[in-house]
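Atoms considered below: every heavy atom in the structure, side chains included; atoms not considered: hydrogens, waters and symmetry mates. Order of the sequence lines fixes the chain letters, A, B, ..., with proteins taken first and strands second; residue numbering starts at 1 for each chain.
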Number of protein chains: 2
Amino acid sequence: MEKLERILVEHKIRVTSIRLMVLKHIMAQNRAFTLADMEASLETVERSTLFRTLTLFLLHGILHEVDNGCGSKLYCLCAGNEQGVFLNHVHFTCYRCGRTYCIKDIDAMPALTPKGFAVEEVSCVMKGICPDCQ
Amino acid sequence: MEKLERILVEHKIRVTSIRLMVLKHIMAQNRAFTLADMEASLETVERSTLFRTLTLFLLHGILHEVDNGCGSKLYCLCAGNEQGVFLNHVHFTCYRCGRTYCIKDIDAMPALTPKGFAVEEVSCVMKGICPDCQ
DNA sequence: TATTTCGTGCAAGCGGGTTGCAAAAAAACT
DNA sequence: AGTTTTTTTGCAACCCGCTTGCACGAAATA
């Protein structure tokens, strides 16, 4: 069995040619992408199908969601198979190229947490200039 | 001159009755709100007028914007007149009541910053249960 | 093979934000 | 005051991104 197929099967997702195409494309780039990005890359596949595929991948922990406030949802590959480990990692969006990176080795939790608030989740997006654009 | 009027004038915004209503409403609650919230509270005022008013307030530093990933833009009163001071403060969204708070005394910058990335801005939204809902 | 379940494409809808335009209101200028 | 100019407001319409209903075809199961 191919590597891609194995990933789907391990996540209890049925294998279809479209799902393989989508997964292959996701794995070929290591950054966050939008539904529109995916649509542009896989022109032959219907938007709604891509949407449902990405939603499925989200649900099964292959992808996670990022919101950098730019109006479009971003999807990002979960590293390894260790689901949940990177729940609170930082993302970085570059002003110049617009790419969004997962900064996996940095925890999003600020040094202090607010008194009286029970924090369960942290979403932290930095913006600035990425190494490629400097 | 009334307090509210003074605030507008200080920010070089012309005083109108709608703007006073909006500002009064904003100041009456100390949490972030959406355009839809405002629309519901000030039923007599047109959505687009509210939108333009909020945009104006944003532009003149009376409000700042928060994105907590829930699909709607949030607006939040800037504390004091010290614009820019709270650029990187943390926000907190409660799972139960949905309210979003400005946590003004905590800096959003994580302990570490990613190597090679020039960070200019940080958006940090925590989610969990607020003191009122515990 | 017959039956059920699942995947896909199409079209349509929805929510939130935004804009063009014309009327009303306010300000500036005789 | 009366006239002209600028702003503000409401209405309608639009845009964009996301999401869903439905019908058909493919795949799994009996």
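- Protein chain B touches strand DNA chain D; the 5'-most and 3'-most nucleotides with an atom under 4.0 angstrom of its non-hydrogen atoms are D:dT7 to D:dC11.
- If you take CG of B:Leu35 and C1' of C:dG15, they are 12 Å apart, rounded to a whole angstrom.
- With hydrogens and angles disregarded, a donor-acceptor distance shorter than 3.5 Å links the side chain of A:Arg96 to the backbone of A:Cys133.
- When all heavy atoms of A:Pro110 and B:Ala108 are compared, the pair lying nearest together is CG-O, 4.4 Å.
- Only A:Arg14, A:Thr16, A:Ile18, A:Arg19, listed by number, bring a heavy atom of residues 13-20 of chain A to less than 4.0 angstrom from any atom of DNA chain C.
- With A:Lys127 contributing its side chain and B:Ser123 its backbone, the two residues share no donor-acceptor pair below 3.5 Å.
- Judged by distance alone, the side chain of B:His25 and the main-chain N or O of B:Met21 form no donor-acceptor pair under 3.5 Å.
- Looking at every heavy atom in both residues, A:Met38 comes nearest to A:Phe33 through CE-CE1, 3.4 Å.
- Rounded to whole Å, the distance from CG on B:Leu50 to P on C:dG16 is 15 Å.
- Remark: the backbone N or O of A:Ser48 is paired with a side-chain donor or acceptor of A:Glu46 at under 3.5 angstrom.
- Nearest-nucleotide mapping onto DNA chain C: of B:Ser72 and A:Arg52, the residue sitting toward the 5' end is A:Arg52.
- Counting only distance, with no hydrogens or angles, the side chain of B:Arg47 and the backbone of B:Glu39 share no donor-acceptor pair below 3.5 Å.
- The backbone N or O of A:Ile129 sits less than 3.5 Å from a side-chain atom of A:Gln134, completing a donor-acceptor pair.
- A single hydrophobic cluster is not seen to contain both A:Phe117 and B:Tyr95; linkage of ILVMFWY side chains at heavy-atom distances under 4.5 Å, directly or through other members, places them apart.
- As a whole-Å value, the separation of A:Leu59 CG from C:dC6 P is 14 Å.
- Heavy-atom distances under 4.0 Å link DNA chain C to B:Arg47, B:Ser48 of residues 36-49 of chain B, given in residue order.
- Side-chain N or O atoms of A:His89 include none that pairs as donor or acceptor with a backbone N or O of A:Ile103 at under 3.5 Å.
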